[in-house]
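One structure is given below, encoded as structure tokens.
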Amino acid sequence: MSSFSDDLDLFRSEVAAFIAEKCPQKLKDMPASARTICWGGKRFEFASDEQRIWMENAASVGLTAPRWPVEYGGAGLSRAQEKVFREEMEKAKAPSPLESFGLWMLGPALLAFGTHEQKLKYLPDITNGRIRWCQGYSEPGAGSDLANVQTRAEDKGDHWVVNGQKIWTSYANHADWIFALVRTDKDAPKHKGISFMLIDMSETGVSTKPIKLISGSSPFCETFFDDVTVPKQDDGTSRIVGELNRGWDVAKHLLTHEREMIGGGGSGAAGGILGGRSLGAFIDTLDDHLMEDPIIRAETMELEIDTLAMGMTMERYKDMAKQGGVGHASAMLKYSGTELNKRRYEILMSITGSEGVEWDGDHGTLAPEWLRTKANSIEGGTSEVMLDILSKRVLELPSS
Amino acid sequence: MVASLVPTEDEVMLRDAARGFLSESSPITAFRANRDAGRTYDPGLWKEMAQMGWTGVLLSEEAGGSDMGHRAAGILSEEMGEVLASSPFISTAVMTATALKGAANDRLAGIADGSSIYALAVDEGAKHAPLRTALKAEKSGNAFRLSGRKVFVADGGAATRVLVLARTAGAEGEADGLTLFDIDADRAGLSRTAKRTVDERDHAQLDFDAVEATGDDVVGEVDGGMAAIATALNAGQAALSAELLGVSAGAFGMTTGYLKERKQFGRTIGSFQALQHRAAHLFAEIEITASAIANAGRMLDESPEDAEIAVSIAKARATRTAKLAVSEGVQMHGGIGMTDEFDMGFFMKRARVGAEWLGDYGYHAARVAKARGF
């Protein structure tokens with residue numbers, strides 16, 4: 001049973017009261033730029049007591065995962081209720097209580113493919129912020145050709161022995177568990193021998209090494225598996241999500257999900273330097289002469305038009321998804337959204353000129369953000385892979 | 001309640017009906033036959049559109065219309081664009097119907113039943129610039145005398161009436177002092193010269209030599225012509241954007257069809273990744289533009305006074321997307337795309353004229369930039 005009313009108006013007042021009472025004022029008063037994400041997990045250091053309190057309060061009524069069923073740690077809200085909740089959070093300037101790969105990716109995968117026992121075992125630890133997950137997909141030899149994963153899980157009766165290497169594992173060095181694509185049948189065709197496996201990273205033989213990026217930060221790691229023992233079951237709950245050797249189905253499902261999320265980053269009010277402001281509002285903070293160059297002006301106008309049109313497209317596709325799905329056309333959102341975001345940052349760098357290239361200048365993190373956007377059209381499927389999907393699956397152009 | 005950008009059931013039905021009608025009454029072969037015969041206007045098609053109720057899409061029921069709104073008008077325009085159906089729909093059923101909203105029903109009845117064809121005479125130079133109107137309307141007693149020249153007047157040849165923007169006060173470039181007149185196209189002193197344009201549609205130059213008009217001919221207020229015409233222009237720009245989306249879709253459909261048929265090097269050319277990626281990019285551009293068009297229609301229906309940015313985003317996107325669709329269309333067809341016998345050139349030529357009419361990319365981008373604060 002949800003702790004909230006079904007009636008939308010009642011719900012709005014209840015959830016507003018909850019936010020008013022349970023989200024510490026200090027968090028609400030914090031400017032967006034000073035906020036840090038609450039990731040949760042055993043090794044997570046909260047930025048403040050208030051951050052911890054808000055996470056715990058929200059989790060106690062399932063609001064860290066508003067739409068997940070109550071029995072798995074969610075709040076069991078409808079889509080309309082969730083929208084109201086987000087609106088009220090925004091109104092109160094309350095930050096998101098918890099963000100994680102568990103919430104974004106593993107949870108949706110378990111809800112779609114997991115058994116009841118798996119959901120009971122893993123989901124509440126995600127919503128409570130106790131366990132932080134990371135995603136083990138890419139490998140040195142499996143980038144765009146993801147189905148070529150070579151990390152092997154050998155069947156040893158009651159357990160698996162895992163050997164291999166993952167790369168581009170986001171925040172693996174901070175994670176407690178990893179959901180990974182591993183090869184469980186090396187003789188089957190490449191898509192048919194992969195399983196979606198849950199691995200405790202505190203097991204002997206798991207190690208991580210951060211990769212320093214051109215932006216100077218290290219959000220990604222290499223993750224190594226060296227004779228790692230993975231039990232097949234914990235008290236009867238399988239460590240494989242979905243069927244054995246059918247992990248590709250789960251992965252594909254999640255990739256579609258991920259694409260829509262990354263595409264969303266390319267639209268409307270971007271985070272980072274713009275911090276929710278419009279481009280015009282950002283430009284207002286600059287010296288007038290920076291916008292006098294006619295070429296920069298023209299590029300900026302075009303960017304603004306495309307940004308607004310992309311926002312409308314996100315809205316239209318969201319509604320289409322509600323009415324029966326957009327299928328492979330979601331690859332368009334990922335392609336166009338990420339290319340747009342890269343363009344946005346190129347233009348921001350042009351506008352700010354020599355001020356923009358300083359690591360710690362007046363524009364704060366603009367330079368590393370600009371560099372970071374270059375990965376947008378690579379991660380989660382490159383732009384070229386998206387164009388392949390569109391041409392083959394949507395336009396039905398011949399494959400050879 | 002803000003409407004969804006996904007079409008309603010009614011809108012889907014309207015689109016299907018429009019498509020069915022146009023495939024019968026106005027396939028591209030009909031446009032070609034008109035072109036070959038030197039006809040820029042097809043009275044039979046216009047009459048059928050009136051019978052279908054298209055001419056009354058924006059008129060109230062009292063005025064003999066169906067009042068379906070701007071989204072519906074956009075759907076009809078888009079379908080017309082896809083098969084290159086040529087008619088005074090945007091000039092008459094969209095822009096004039098919007099400008100004369102609230103006028104006496106007898107004036108609107110002619111639009112609803114298809115007997116009136118209106119042209120909007122606004123521009124005087126090579127670029128859309130209503131404020132640069134210099135055509136003079138001199139006051140003499142209770143009457144006005146109009147003198148000057150209007151160019152690129154769409155449907156100016158077939159028009160039975162003309163909405164003309166004239167300067168009654170102020171200087172060129174100023175919004176105040178413009179007045180909108182609704183006059184008979186055959187009034188003494190008004191001469192019309194047909195101009196052949198690449199899209200083979202009806203365009204004319206209008207010369208006014210002391211054309212008489214009375215206070216009854218004024219639409220809205222004297223010196224307040226911009227207020228009288230602003231929403232009409234926005235409505236026309238939105239419908240034209242929808243037409244250009246249809247032009248893009250028509251060219252794109254031909255192109256993907258050809259990619260699936262044409263063989264070279266022993267393979268279907270659509271199997272080449274270089275062409276696949278260009279087609280997929282074009283698909284993405286068309287989808288994004290389609291959202292902007294749906295949004296412009298929604299804004300005009302829900303809050304027309306705030307629709308300007310939405311309309312300009314739509315027109316800017318539609319202009320750019322149509323240009324891309326037709327140039328990619330010709331390139332991916334290869335040599336045959338350059339032949340007159342093939343229809344791709346028709347799409348290209350209509351896209352060029354549509355890009356200029358009612359404001360080009362730069363005009364609309366500047367409007368967006370101004371409204372967005374830079």
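By convention in this document, chain letters (A, B, ...) are assigned in the order of the sequence lines, proteins followed by strands, and residues within each chain are numbered from 1.
- Taking the charged nitrogens against the carboxylate oxygens, A/K91 and A/E87 have no contact shorter than 4.0 Å, which rules out a salt bridge.
- Only the side chain of B/R267 comes within contact range of chain A, with heavy atoms under 4.5 Å apart.
- Only the side chain of A/K392 comes within less than 4.5 Å of a heavy atom in chain B; its backbone stays farther off.
- In this structure, the portion of B/R298 lying under 4.5 Å from any heavy atom of chain A is its side chain and not its backbone.
- Classification of A/D306 and B/R317 as a salt-bridged pair holds, one side-chain N sitting under 4.0 Å from a carboxylate O.
- Highest contact tally toward chain A, considering only B/G373, B/A310, B/A284, B/A279, is held by B/A284 [criterion: heavy-atom pairs under 4.5 Å].
- With a threshold of 4.5 angstrom between heavy atoms, A/M320 approaches chain B through its backbone and through its side chain.
- Using a 4.5 Å cut-off between heavy atoms, B/F272 does not touch chain A at all.
- Salt-bridge formation is detected for the pair A/E379/A/R372: a Lys NZ or Arg NE/NH1/NH2 atom is positioned less than 4.0 Å from an Asp or Glu carboxylate oxygen.
- Under the 4.0 Å criterion applied to side-chain N and carboxylate O atoms, A/K190 and A/D145 are assigned as salt-bridge partners.
- When the heavy atoms of residues 292-305 of chain A are compared with those of chain B, the residues falling under 4.5 Å are A/R297, A/T300, A/M301, A/E302, A/E304, A/I305, listed by number.
- Counted by atom type alone, A/T313 and B/S291 present one or more donor-acceptor pairs between their side chains at under 3.5 Å.
- In this structure, the portion of B/Q273 lying under 4.5 Å from any heavy atom of chain A is its side chain and not its backbone.
- Counted within 6.0 Å of NZ on B/K370, heavy atoms from surrounding residues, nucleotides or ligands total 12 or fewer; the atom is thus considered open.
- At most 12 non-hydrogen atoms from other residues, nucleotides or ligands lie less than 6.0 angstrom from CD of A/E90.
- For A/D388, the parts sitting under 4.5 Å from any heavy atom of chain B are the backbone and the side chain alike.
- Ring geometry, B/F252 versus B/F283: the interplanar angle falls from 30° to 60°, so the pair is classed tilted.
- With 3.5 Å as the limit, one finds a donor-acceptor pair spanning the side chains of B/R367 and B/Q237.
- Both the backbone and the side chain of A/L395 have a heavy atom closer than 4.5 Å to some heavy atom of chain B.
- Within the 4.5 angstrom heavy-atom criterion, atoms from both the backbone and the side chain of A/D319 approach chain B.
- Contact annotation for B/R278: neither backbone nor side-chain heavy atoms come within less than 4.5 Å of a heavy atom of chain A.
- The residues A/E339 and A/R344 are annotated as not salt-bridged, no charged nitrogen and carboxylate oxygen being separated by less than 4.0 angstrom.
- In terms of heavy-atom pairs under 4.5 Å with chain A, the best-connected choice from B/A292, B/S312, B/A365, B/A369 is B/A365.
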